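Please read the structure below before turning to the comments.
Just so we're on the same page: letters track the sequence lines, and every chain starts at 1. Because the structure is predicted, anything quoted here is derived from the model rather than measured.
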Amino acid sequence: MAVATYFCTTKINTIIAIMTWNQFFTSSIGKKFTMALTGIFLVLFLIIHAGINSSIFLNDNGETFTTLGHFMSHNWIVRFLEIGLFAGLIMHIIQGLVLWKQNRSARPIPYYNKQDRGSTWYSRSMGILGTLLLIFLVIHISHFFVGTKIALYSGDQPHSLYNEMKEVFSHWWIVAIYLGGIIALFWHLLHGFQSAWQTLGLNNKKYITIIKVIGIGYTVIICTLFALMPLAMYFKWIE
Amino acid sequence: MEHYYMNLTLKVWRQKNSKSKGSFETYHVKNISSEMSFLEMLDVLNETLIQEGKDPIVFDHDCREGICGSCSMFINGQAHGPWKQNTVCQLHMRAYKDGDTIVVEPWRSKAFPVIKDLMVDRAAFDRIIQSGGYVSVNTGNSQDANSLPINKKNADESFDAASCIGCGACVATCKNGSAMLFVGAKISQLALLPQGEPERKSRALKMVAQMDKEGFGNCTNTYACEAECPKGISVAYIARMNREFIGSGLTTEE
Amino acid sequence: MSLDAKIPPGEMKDKWDYYKGHVNLVNPANKRKLEVIVIGTGLAGASAAAALGELGYKVKAFCFQDSPRRAHSIAAQGGINAAKNYQNDGDSVFRLFYDTVKGGDYRAREGNVYRLAQVSGAIIDQCVAQGVPFAREYGGLLSNRSFGGTQVQRTFYAAGQTGQQLLLGAYSALERQVSLGNVLMYSRHEMLDIVVIDGKTRGIIARNLVSGELERHFGHAVLLCSGGYGNVFYLSTNAMGSNVTAAWKAHKKGAYFANPCFTQIHPTCIPVSGDHQSKLTLMSESLRNDGRIWVPKDQSDARSPNDIPEEERDYFLERRYPAFGNLVPRDVASRAAKERCDAGFGVGTTKMAVYLDFEDAIKRYGRIEAGKTGDHTEDDSIIGLGKSVVKEKYGNLFEMYEKITGENPYELPMRIYPAVHYTMGGLWVDYELQTTVPGLYSLGEANFSDHGANRLGASALMQGLADGYFVIPYTLGNFLSEEIRVQAIPLEHPAFEDAENKVSARLHRLMDIKGTQTVESFHKRLGKIMWDKCGMARNEAGLQSAIEEIRLLKAEFWSDLKIPGDIKEMNPELDKAGRVADFIELGELMCIDALHRKESCGGHFREESQTEDGEAKRDDGSYAYVAAWNLQEEGNWELHKEQLKFEIVKPTQRSYK
Ligand SMILES: Cc1cc2nc3c(=O)[nH]c(=O)nc-3n(C[C@H](O)[C@H](O)[C@H](O)COP(=O)(O)OP(=O)(O)OC[C@H]3O[C@@H](n4cnc5c(N)ncnc54)[C@H](O)[C@@H]3O)c2cc1C
Ligand code: HEM
Ligand code: HEM
Ligand code: SF4
Ligand code: F3S
Ligand code: FES
């Protein structure tokens with residue numbers, strides 16, 4: 001005579017319906033929520049970043065760019081936002097990697113040969129694309145950001161970012177790394193942009209097409225602009 | 001429809017019980033009619049296995065008409081096999097041709113442990129429903145059915161969400177082993193109806209909390225689940241669940 | 001023993017109120033001490049377990065599937081009846097009652113049927129409150145359709161998935177009680193015997209299908225809600241696991257089995273395609289609202305159906321029954337199709353099918369649609385429009401047909417043939433749904449129920465939920481009010497010991513046969529005997545030989561069966577063997593019952609009892625009773641009759657001409 005415990009669900013439901021902030025942000029959807037918010041924040045940042053950097057295409061020997069850059073690095077609101085940006089970026093990265101790991105453990109034994117109907121390869125590769133982006137960012141920030149800040153706080157000559165950029169993008173292998181990073185960014189955003197709205201719950205028949213179109217447009221424009229920058233400097237399309 | 005016969009090679013996952021380690025076994029079946037269903041083909045194989053004194057392949061199945069949600073097999077890398085919006089029990093052998101090799105595996109997910117061979121334990125789904133997938137109305141408490149008119153569009157949408165058969169193909173397919181399509185469908189069904197309104201917030205919070213406890217992965221919006229769901233449940237219901245959850249999570253007071 | 005149905009006194013319409021007003025109640029504090037076991041979680045079982053849990057009883061529910069939501073009620077397509085009269089078309093409790101008694105060919109108990117009609121409305125209210133998404137009109141109110149040839153629109157539906165939606169409603173109510181701790185749910189468990197102590201049912205022996213262990217469970221009362229036994233025919237529209245085992249074990253412990261031979265053969269199912277066939281699929285009855293049934297006039301006509309001109313088609317239902325045409329009741333339609341096929345006019349490779357043709361409906365709807373835009377042309381565009389209307393109405397059924405047969409029913413007529421669908425017979429129960437064993441109740445398709453000799457479409461769902469939500473919560477209290485002093489009986493009690501030993505012995509006996517033939521092969525052979533000789537048409541010689549054949553089959557089964565594996569593990573072959581062993585015994589009783597009932601009524605057609613033009617002929621003088629069989633010893637039954645008194649609906653011969 002065995003007592004039935006195997007399939008018998010004796011547990012009385014004890015979850016109460018009140019959510020602390022902690023419960024909210026550690027829940028599955030709470031984590032997604034963080035991803036989406038920080039993702040959208042990064043999307044907005046890239047608009048400004050690409051916008052300002054595009055001023056190099058004015059081909060005025062970096063004057064506009066330097067002015068804008070000077071404003072950006074000396075305005076306290078921007079300084080404050082920068083901290084937010086880094087906080088957001090770090091949250092996005094950590095949360096993204098945590099999710100990636102957790103999700104992998106939800107299927108301990110893999111399938112023999114899995115087919116993937118209905119999903120795109122890049123939507124399934126957000127973690128890898130993100131990691132590539134991370135590598136790119138480390139390199140990128142060590143190129144520009146670090147130097148600028150040292151110059152800013154050590155009170156030296158205003159550091160000419162424009163010249164530095166020219167110098168950096170004169171090496172073909174750096175240009176290649178940048179192009180690689182931008183390709184990763186392209187795919188990450190192509191999925192990420194509309195994904196963020198799905199996560200926030202904004203997916204219905206009326207809005208989904210608009211969101212998808214804006215997402216593709218955004219991704220293509222931003223990535224093209226970024227890609228042109230190192231190329232233009234390497235090939236000396238701009239002085 | 002032209003009728004033909006075929007010989008096939010099957011690679012089937014065999015696992016004695018939840019504790020043992022499984023592995024693939026190869027079988028050959030002959031003279032399979034194109035009019036058979038996939039499960040009938042397995043029946044034929046099982047009959048021969050029994051005759052040979054071997055253990056037949058164990059799998060869940062009951063209605064064999066695509067509605068009970070029992071059947072659950074990953075066939076050549078796809079949940080419920082190659083046909084769209086279809087369950088294994090409705091898959092017919094005319095999907096294959098002579099000489100094909102077919103790999104058959106159970107749903108693979110931490111939250112769905114294998115019981116034997118192709119049979120898995122999906123009790124996690126029941127526990128999620130227990131956590132809040134209902135309207136708390138006792139028998140006899142109700143008012144006249146027509147005293148509550150419901151906008152037809154919402155009623156239809158609610159029905160679409162309710163047509164989920166609880167098979168678990170979404171979990172099996174999702175690269176993250178996420179159950180969000182299943183849970184999203186139930187939360188949406190009730191959120192779309194006025195009857196679900198009083199418990200709307202707490203339902204979303206409780207069901208998601210239980211889902212998290214069960215060890216399912218997290219959705220990253222890859223949408224493979226919708227493509228393999230036998231009932232074509234839309235990922236828009238995942239978005240609706242997110243909306244319900246975020247709204248409830250941010251507005252319930254501690 | 002004379003069978004007392006315990007119908008309450010008073011006028012028909014007041015009986016149920018009278019009963020409720022006089023029944024004994026159990027006070028809430030005592031309910032917590034009373035334990036109830038529910039076998040089955042279909043509409044009947046899930047609704048009963050939920051409703052009893054809500055009342056405060058301690059409930060244990062069992063099902064053999066992996067989840068209560070998978071019970072076979074999930075497969076019902078068409079709809080559920082209720083006397084709401086929302087359509088203002090003259091429906092009423094009385095009319096639903098009348099239609100059901102008449103549709104059942106005057107072999108149902110008036111008192112029960114009246115109560116069923118009375119509570120039908122509350123079922124819809126309850127389901128809507130649970131969030132069951134029934135079909136609605138644009139105004140937001142519930143939609144109805146007509147079903148099974150009734151003259152009023154009283155059928156509520158949720159596309160072609162009504163059973164699924166109703167069951168999910170009951171399942172959610174059940175899971176709510178599980179979460180509240182009022183119900184303990186045992187999935188993947190099969191009940192293998194009841195335990196009777198001092199004349200009352202006090203528990204069950206169940207087998208955990210995963211571990212193979214036997215378990216004892218105590219209950220002050222046991223409810224059997226284990227569904228129908230159509231699978232005795234091997235091929236039926238029932239799920240693969242549907243079985244008679246729970247009811248049969250109760251029968252062996254003294255519960256009478258009533259009208260076992262009353263089987264419903266549904267006219268519109270996808271025909272058998274070969275020997276490999278494991279089950280049959282229903283195409284909803286609603287298709288007959290628009291489809292026309294025909295066979296070629298010439299037996300040897302081998303043309304594709306679309307090439308057979310109108311004059312060379314025999315629309316045999318329209319020909320034989322001009323008044324009802326394609327909408328005659330199920331039993332009549334099924335027999336007519338069989339008659340044509342037996343006469344050699346069948347179609348398809350097996351010649352055992354007739355056409356169900358939508359060409360006319362497509363044209364008709366197409367013209368209506370075109371007319372809406374003022375277009376009155378007669379060309380291919382109307383076909384397109386018509387197809388989209390038909391798709392909206394029956395799309396999911398057409399898709400299912402195409403998946404199974406590989407043929408497109410929008411282009412070619414469907415091929416259909418009758419198949420076993422529902423069993424009106426079952427455990428005999430009184431007005432309180434109690435069997436002849438005190439403390440043992442039976443609900444849903446498992447009891448012999450309210451449908452007489454033929455069930456009307458959309459009435460089984462209604463009955464299952466009526467029994468579970470609105471009848472048993474009252475009637476069970478009447479029994480349990482006497483039991484409040486009975487403490488839970490320890491599972492070491494000799495009666496439990498004994499029952500478990502017997503179950504275990506039988507499992508070992510099955511495993512120890514170690515013969516050469518598989519369970520499946522025996523089941524197929526049983527099915528063939530039943531279908532050929534106790535199916536759509538029955539006669540004395542056939543039934544007698546069937547009984548002989550079944551006895552031989554039984555002996556062979558018990559001496560040459562082969563089951564692989566062990567007892568103490570998951571072993572579906574062993575589960576199936578136990579079920580088939582019970583089906584074999586049931587098959588014998590069905591033939592005995594069919595043999596003794598020398599009249600034709602409803603689904604039971606005795607070839608000896610027909611009118612000149614081949615219609616069924618009832619014999620109210622001799623057979624207006626429920627035949628309840630008591631098992632004396634193996635293979636030997638004693639007949640008890642419950643005379644049926646028709647106070648209100650006076651029996652007449654049904655005519656659909
Ligand atoms: C294809 C199809 C379509 C139908 N369409 C309609 C329709 O449109 N309208 C209508 O009114 N009716 C319809 N019917 C009939 C109706 O669906 C059934 O009669 C009804 O659902 C039976 O419900 P139930 O609760 O009695 O049994 P079921 O739903 O069959 O449930 C039986 C339960 O008992 C359990 N069980 C059985 N044996 C054991 C055991 N030994 N131990 C433990 N558990 C056990 C099972 O696990 C299951 O949970 C249809 C039937 C079929 C087959
Ligand atoms: C290829 C074209 C790019 C150029 C020329 C470029 C240039 C620069 C420069 C000059 C800075 C320093 C600004 C300052 O310190 O004020 C900077 C900072 C930064 N860049 Fe880029 N960048 C490019 C692409 C990208 C991409 C693709 C990303 C993100 C995916 C990115 C993310 C950042 C971040 C996070 C910072 C630091 C934050 C800040 O100081 O505002 N950049 N970039
Ligand atoms: C630097 C390292 C980065 C890592 C490791 C990373 C990782 C991830 C991962 C794993 C996801 C998937 C989560 C999900 O889809 O739910 C994701 C989503 C996303 N990422 Fe990144 N990412 C990085 C950088 C960026 C950058 C620079 C941007 C924007 C410019 C960005 C924008 C987004 C957006 C919009 C999403 C979608 C959010 C959602 O689905 O809700 N990410 N990221
Ligand atoms: S959502 Fe689809 S795939 Fe998932 S359980 Fe429901 S029916 Fe199955
Ligand atoms: S496949 Fe998985 S990632 Fe989300 S959209 Fe579906 S649950
Ligand atoms: S067996 Fe029921 S859905 Fe496949």
Side-chain angles (χ1 to χ4, degrees), chain B residues 1 17 33 35-36 39-40 43-44 47 50-51 53-56 58 60-70 86 90 92 94 115-116 122-123 125-126 129-131 133-139 141-146 148-152 155 158-159 162-163 166 189-190 193 195-196, chain C residues 50-51 54 65-67 69-70 72 74-75 84 86 122 124-126 128-131 133 136-142 158-159 161 164-165 168 172-173 175-176 178-179 187 210 239-241 273-274 276-279 281 400 403-407 469 473 518 520 562 564-565 569-570 572-573:
Chain B
M1 196 64 205
N17 54 45
S33 153
E35 290 185 348
M36 282 185 192
L39 298 187
E40 284 165 352
D43 290 344
V44 169
E47 286 293 288
I50 297 170
Q51 287 302 354
K54 297 189 187 132
D55 269 0
V58 172
D60 262 320
H61 65 112
D62 200 22
C63 73
R64 294 207 178 180
E65 44 185 271
I67 192 73
C68 74
S70 294
N86 193 59
Q90 295 285 74
H92 280 67
R94 59 178 183 280
I115 292 174
K116 187 168 183 175
R122 287 168 288 193
F125 272 8
D126 287 331
I129 299 297
Q130 281 158 29
S131 69
Y134 43 73
V135 173
S136 295
V137 51
N138 279 359
T139 308
N141 274 350
S142 41
Q143 52 187 344
D144 185 84
N146 256 353
L148 191 67
I150 301 175
N151 165 311
K152 181 166 162 56
S158 172
F159 170 78
S163 63
Q189 179 207 338
L190 296 174
L193 296 174
Q195 296 91 316
Chain C
E54 287 159 12
Q65 292 94 341
D66 70 325
S67 161
R69 66 181 288 156
R70 309 210 198 280
H72 193 51
I74 201 96
K84 280 284 198 187
Y86 282 161
I124 304 301
D125 300 342
Q126 181 63 25
V128 166
Q130 287 168 346
R136 286 177 185 269
E137 304 291 350
Y138 283 99
L141 301 180
L142 293 164
Q161 283 135 272
Q164 181 199 26
Q165 294 311 318
L168 291 182
S172 66
E175 293 295 9
R176 172 168 163 253
V178 172
S179 78
S187 297
V210 174
M240 301 301 286
S273 69
H276 51 76
Q277 193 95 20
S278 61
K279 76 151 284 173
T281 302
M400 183 142 87
K403 275 180 194 166
I404 294 174
T405 63
E407 286 176 1
Y469 283 136
T518 62
E520 203 68 13
K562 181 181 177 103
E569 65 171 0
M570 160 140 276
E573 284 300 307

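- Under 3.5 Å, the side chains of B/Arg122 and C/Ser67 contain no donor-acceptor pair of N or O atoms.
- Only the side chain of B/Leu193 comes within less than 4.5 Å of a heavy atom in chain C; its backbone stays farther off.
- Of the two parts of B/Leu148, only the backbone, made up of N, CA, C and O, holds a non-hydrogen atom closer than 4.5 Å to a non-hydrogen atom of chain C.
- Of all the listed residues (B/Gly66, B/Gly53, B/Ser142), the one sharing the greatest number of non-hydrogen pairs under 4.5 Å with chain C is B/Ser142.
- Taking all atoms of both residues into account, the shortest heavy-atom contact from B/Cys63 to C/Lys279 is O-NZ, 2.9 Å.
- The greatest number of non-hydrogen atom pairs below 4.5 Å with chain B, out of C/Glu54, C/Glu520, C/Glu573, C/Gln130, is found for C/Glu54.
- A donor-acceptor distance shorter than 3.5 angstrom exists from the side chain of C/Tyr86 to the backbone of B/Asn146, with no hydrogens or angles considered.
- Heavy atoms only, all atoms of each residue included: C/Leu168 and B/Ala162 are closest at CD1-O, 3.7 Å.
- When heavy atoms are compared at a cutoff of 4.5 Å, B/Ser70 approaches chain C by way of both its backbone and its side chain.
- Across all non-hydrogen atoms, the minimal contact from C/Ala75 to B/Ile67 is CA-CG2, 3.7 Å.
- Taking B/Val135, B/Asn151, B/Asp144 one by one and counting their heavy-atom pairs under 4.5 Å with chain C, the maximum is reached by B/Asp144.
- Both the backbone and the side chain of C/Tyr138 come within contact range of chain B, each with at least one heavy atom under 4.5 Å from a heavy atom of that chain.
- When each of B/Asp60, B/Asp43, B/Asp55 is scored by its heavy-atom pairs under 4.5 Å with chain C, the top score falls to B/Asp60.
- Ranking C/Ile124, C/Asp125, C/Thr281 against chain B, the residue ahead of the rest is C/Asp125, based on heavy-atom pairs under 4.5 Å.
- Most heavy-atom pairs under 4.5 Å with chain B: of the set C/Gln65, C/Lys84, C/Arg70, this distinction falls to C/Arg70.
- Nearest heavy-atom pair, C/Gly139 versus B/Pro149, reported as atom, atom and distance to 0.1 Å: O-CB, 4.0 Å.
- Interface remark: C/Leu142 contributes backbone and side-chain atoms alike to the contact with chain B (heavy atom separation under 4.5 Å).
- Within the 4.5 angstrom heavy-atom criterion, only side-chain atoms of C/Gln165, from C-beta onward, approach chain B.
- Contact annotation for C/Glu569: only side-chain heavy atoms (C-beta onward) come within less than 4.5 Å of a heavy atom of chain B.
- Interface check for chain C: of the options B/Ser33, B/Pro56, B/Gly166, B/Gly196, the most heavy-atom pairs under 4.5 Å are formed by B/Gly166.
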Decide yes or no on side-chain contact (heavy atoms from CB on, under 4.5 Å) for B/Lys116 and B/Asn17, but give the supporting numbers first.
CA-CA 5 Å; B/Lys116 187 168 183 175; B/Asn17 54 45; 5.8 Å; no
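- In this model, a donor atom of one side chain and an acceptor atom of the other lie less than 3.5 Å apart for C/Arg176 and B/Asn138.
- When each of C/Gln277, C/Gln164, C/Met570, C/Met400 is checked for heavy-atom pairs under 4.5 Å with chain B, C/Gln164 comes out on top.
- Looking at B/Leu190, the atoms closer than 4.5 Å to chain C (heavy atoms on both sides) all sit in the side chain, from C-beta outward.
- Contact of B/Gln51 with chain C is made through backbone and side chain together, with heavy-atom distances under 4.5 Å.
- B/Asn141 touches chain C through its backbone: at least one of N, CA, C or O sits under 4.5 Å from a heavy atom, while the side chain does not.
- A pairwise comparison of heavy atoms in C/Arg136 and B/Ala155 identifies CD-CB, 3.7 Å as the closest pair.
- For the atom pair C/His276 NE2 and B/Leu39 CG, the distance stands at 13.0 Å (nearest 0.5 Å).
- Smallest separation of non-hydrogen atoms from B/Val137 and C/Ala129: CG1-O, 3.8 Å.
- When each of B/Lys54, B/His61, B/Met36, B/Glu40 is scored by its heavy-atom pairs under 4.5 Å with chain C, the top score falls to B/Glu40.
- Using a 4.5 Å cut-off between heavy atoms, B/Glu65 touches chain C through backbone and side chain atoms alike.
- A donor-acceptor pair is defined here as one N or O able to donate and one able to accept, closer than 3.5 Å; no such pair exists between the side chain of C/Lys403 and the backbone of B/His92.
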